[in-house]
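Contents: one structure, followed by commentary.
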Amino acid sequence: MTQLLKIALPDGSVREVEPGATPADVAAAIGPGLAKAALAARVNGELRDLARPFDGDAELSLVTSRDERDALELARHDYAHVLAEAVQNLFPGTQITFGPATDDGFYYDFAPAPDRGPFTEEDLPLIEHEMRRVIARDEPLVREVWDRQRLIDWFRAKGESFKAEWAAELPDGEELTVYRSGRAEDAWLDMCRGPHLPTTGKLAPDAFKLTRVSGAYWRGDQKNAMLSRIYGTGWLSRKQLDAHLVRLEEAAKRDHRRIGREMGLFHLQEEAHGSVFWHPKGYRIWRALEAYLRRRLDAAGYEEVKTPQLMDARLWEQSGHWGKYRENMFVVPDEAPSSEEGKPVITGDADLMALKPMNCPAHVLIFRQGIKSYRDLPIRLAEFGTCHRNEPHGALHGILRVRQFTQDDAHIFCRDDQIVEEVRAFCDLLDRVYRELGFDRYAIKLALRPEQRFGSDEMWDKAEDDLRAAVVAAGRATEEFGWEELPGEGAFYAPKLEFHLIDAIGRTWQCGTVQADTVLPERLDASYVGEDGQRHRPVMLHRAIFGSVERLIGILIENHAGRFPLWLAPTQAVVATIVSDANDYAREVVEALTRAGLRAEADLRNEKINLKVREHSLAKVPYLLVLGKREAEERTVALRPLGADARQEVLPLDALVERLRTEATPPDLR
RNA sequence: GCCGGGUUAGCUCAGCUGGUAGAGCAACCGCCUUGUAAGCGGUAGGUCGUCGGUUCGAGUCCGACACCCGGCACCA
């Protein structure tokens, strides 16, 4: 007598089914509507194919398009699968490798046929067309369990060396599965963990779009072959796809490079690629931010210093940068260049100096001056330190990734027992600053020891534990902060906490960081005299909140779409006249605002007010102060906040100045 | 650094299969004294990223290089 399986449903009811039954059977038993709508199943919490039989008693919930997260994940994974099949249909000889779902779609990495070369964007429409054909065939996606040798042999026989390699290296004990498009012997198949939708026809043929091509290294390793990756975005419906494409267009309008040019904030040019030319308006933002942060650091017990740009290679050898970081450094010979025409500038026997890529060694040198007592600790040395790093050219990105940047750097020299409290206090300071800048979402990661590193395992154990403990103590090791640990991603001298902000199109950028370092104090021989009268090594906490002023401003631009809060706006108010009779009064208004510490300008051009409103609105000036004959006579100002539907109010000059002065107060002075 | 794409007036972009460059906006000049997102008219503006090649002739075809864009790798 066969034992029936008990299947518990979300409504609390339990159904009994024959062994070998599947979630699809249960769905069908409940009703034809559900059977049709079901996309996959959660069996004991695990997402599975509808057609995969139960292994025993189970809790089951059926996944439909109303379970958007699961449904999207499934659909995107399936789009990737369909993409791979389409590509192999069109371009025989292309090898498949790997193709997951992403946040808004999917990609698949291919090894192109040798006679063809990588894919280009011109290939995409053709591939999209073939994908629609695959979807229209509406074949079932059939799961089969294969053993390892069969997989390896099968892929080898097909000339699929990447898949064969992958199959050979998958960990033991895992069920190895393939999915076939259709039941035919020769149906297309890919090795894949699944799960998948029941048939390709469950995909909407008009809810995806192939977006771009790129190179990608096999297994993410630069030493391996360069594959050809095709990216797509995929959704459950055409409507969702269209909404996403609109979002992308909107995001493109927030691009800091575009807004930076339109608002005249900065520019970049070939002669100094990777370094920013800050224009007056852009530098006003910089100065407001720097002044704000300086006040916050002063209040938090930091002392500001300034250290040399160019230092001898001997220092960098001692610090370890020469060994582990030299590829990223700009090295300069310590000699006068030859004045002879055509002669090389460098003789080759001059001493070498390097532009600093980091501020830390210089801060240790300051710490080392004079004897330090345990009573002096912690010592917090801060610097708006301009660093140069010779970054890989392909990595440069607007002002978010540059070769010259200014860190809001500081190094806290402290005792072992002060680490956790100092890091926790830093986490609080950073949180406060981010919120005051309008970033209420950021992610915290802990980057653990890399392969290439200095220092003993014991030192790393302690440093990692301390950082982890501090984030826990600050209450931020939570999902809300995207808390996770990243093995192998620490700096060569220390593990680091990373604080990430998000740009307009959802890319994340590391801004803040704290690193607990015992290596550099050792290498540069920093010490303090302890209570016991003996010399001890301080710990050095490297930390930054903005990370780089350039990057932070770039992200601020994107987050605000150029509409800065009043205290940061490059021009806070423009006084625009309607008639030239108001010009003198307008100058007086600008003068009063300037005296009150505001950044105000006059627009006295002989132009219609419509034009002035339009131009200053496009320039994202927070307040337009309109002056006509009436205002000039009554000594009032018509205040027009930025925004097409903004209402306007008329107030006396004194009241206006007071109001803007109050509103423009930086958040820490309120 | 690697893969793909791009570089034409200040900006956004046309320029078919090679026959010495075009629009809109901006700029400049003139008129308009103007009431809340483009007033009207006129003028000027480009060695087509750089270097080399093919050709009677190259913005257009080929090559190298530079920079930019999207990814990969690297990273604040």
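Quick note on labels: first sequence line is chain A, next is B, and so on, each numbered from 1. What's counted below: heavy atoms across the whole structure, side chains too, no hydrogens, waters or symmetry copies.
- In this structure, F454(A) and F492(A) have perpendicular ring planes: the angle between them is above 60°, well past the 30° mark.
- The aromatic rings of H542(A) and H411(A) lie perpendicular to each other, with more than 60° between the two planes, well past the 30° mark.
- When the P atom is used for both U8(B) and U55(B), the distance is 29 Å, rounded to whole Å.
- H393(A) comes within contact range of at least one nucleobase, with a heavy-atom separation under 4.0 Å.
- Mapping S228(A) and V650(A) onto RNA chain B by nearest heavy atom places S228(A) closer to the 5' end of the strand.
- Between T577(A) and the options V589(A), D584(A), L604(A), a side chain to side chain contact (heavy atoms under 4.5 Å, CB included) holds for only L604(A).
- What separates NE2 of H616(A) from P of G35(B) is a distance of 16 Å, to the nearest Å.
- Of the candidates A37(B), G5(B), C67(B), the closest approach to any side-chain atom of T120(A) belongs to G5(B).
- Atom CZ of R605(A) is separated from atom C1' of C29(B) by 16 Å (rounded to the nearest Å).
- Using the Watson-Crick or G-U wobble rule with both distances under 3.5 Å, C31(B) pairs with G39(B).
- Of the P atoms belonging to C69(B) and U12(B), the separation is 13 Å, rounded to the nearest Å.
- Under the 30°/60° scheme for interplanar angles, the aromatic rings of H397(A) and H256(A) are found to be tilted.
- As rounded to the nearest Å, A23(B) and C68(B) have C1' atoms that lie 25 Å from one another.
- Nucleotides G22(B) and G45(B) place their C1' atoms 13 Å apart, quoted to the nearest Å.
- Remark: E327(A) CD is loosely packed, at most 12 non-hydrogen atoms of other residues, nucleotides or ligands lying under 6.0 Å away.
- Base pairing of G24(B) is made with C11(B), judged by Watson-Crick or G-U wobble geometry with both donor-acceptor distances under 3.5 Å.
- With both ends at atom P, the span from A76(B) to C2(B) equals 23 Å, rounded to whole Å.
- Distances were taken from every side-chain heavy atom of P118(A) (C-beta onward) to each of C3(B), U36(B), U12(B); the shortest belongs to C3(B).
- As rounded to whole Å, 19 Å separates atom C1' of U36(B) from atom NZ of K629(A).
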- Counting primed atoms, P, OP1 and OP2 as sugar-phosphate and everything else as base, the B/S/- map of nucleotides 39-50 of chain B against protein heavy atoms under 4.0 Å is S-----------
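- When both pairing distances are held under 3.5 Å, G18(B) makes no Watson-Crick or G-U pair with any nucleotide shown.
- In this structure, F266(A) places its CZ atom 14 Å from C1' of C68(B), rounding to the nearest Å.
- A576(A) comes within contact range of no nucleotide atom at all, as no heavy-atom separation falls under 4.0 Å.
- A38(B) and A27(B) have their P atoms separated by 16 Å, with the value rounded to a whole Å.
- Note: CG (L627(A)) to C1' (U36(B)) measures 13 Å, nearest angstrom.
- If Q269(A) and I578(A) are placed on RNA chain B by their nearest nucleotide, the residue sitting closer to the 5' end is I578(A).
- Using cut-offs of 30° and 60° on the angle between ring planes, the pair Y442(A) and Y434(A) is perpendicular.
- Between R258(A) and C11(B) there is no side-chain polar atom (N or O) within less than 4.0 angstrom of OP1 or OP2.
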- Where along nucleotides 69-76 of chain B does protein come under 4.0 Å, by heavy atom, of base (B) or sugar-phosphate alone (S), with - for untouched nucleotides? SBBBBBBB
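- Relative ring orientation between F564(A) and H560(A) is described as tilted, the plane-to-plane angle lying within the 30° to 60° band.
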- Which is it for E615(A) and R605(A) under the salt bridge (Lys or Arg N to Asp or Glu O under 4.0 Å) test, yes or no, and what are the steps along the way? CA-CA 12 Å; E615(A) 288 191 353; R605(A) 290 174 303 165; 2.8 Å; yes
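- Rounded to whole Å, the C1' atom of C65(B) lies 23 Å from the corresponding atom of G71(B).
- A14(B) and A9(B): their P atoms are spaced 12 Å apart (whole Å).
- Put simply, R640(A) has no side-chain N or O that comes within less than 4.0 Å of OP1 or OP2 on G35(B).
- At most 12 non-hydrogen atoms from other residues, nucleotides or ligands lie less than 6.0 angstrom from CZ of R287(A).
- Counting non-hydrogen atoms of other residues, nucleotides and ligands closer than 6.0 Å to CZ of R432(A) gives a total of 12 or fewer.
- Within the nucleic acid shown, L618(A) comes within 4.0 Å of at least one base atom, counting heavy atoms only.
- Base pairing annotation: C51(B) forms a Watson-Crick or G-U wobble pair with G63(B), both donor-acceptor distances under 3.5 Å.
- Judged by distance alone, with hydrogens and angles left aside, E631(A) brings a side-chain donor or acceptor within reach of the base of G35(B), the pair sitting under 3.5 Å.
- A cation-pi arrangement is absent between R401(A) and W509(A) under the rule of less than 6.0 angstrom and at most 45 degrees off the ring axis.
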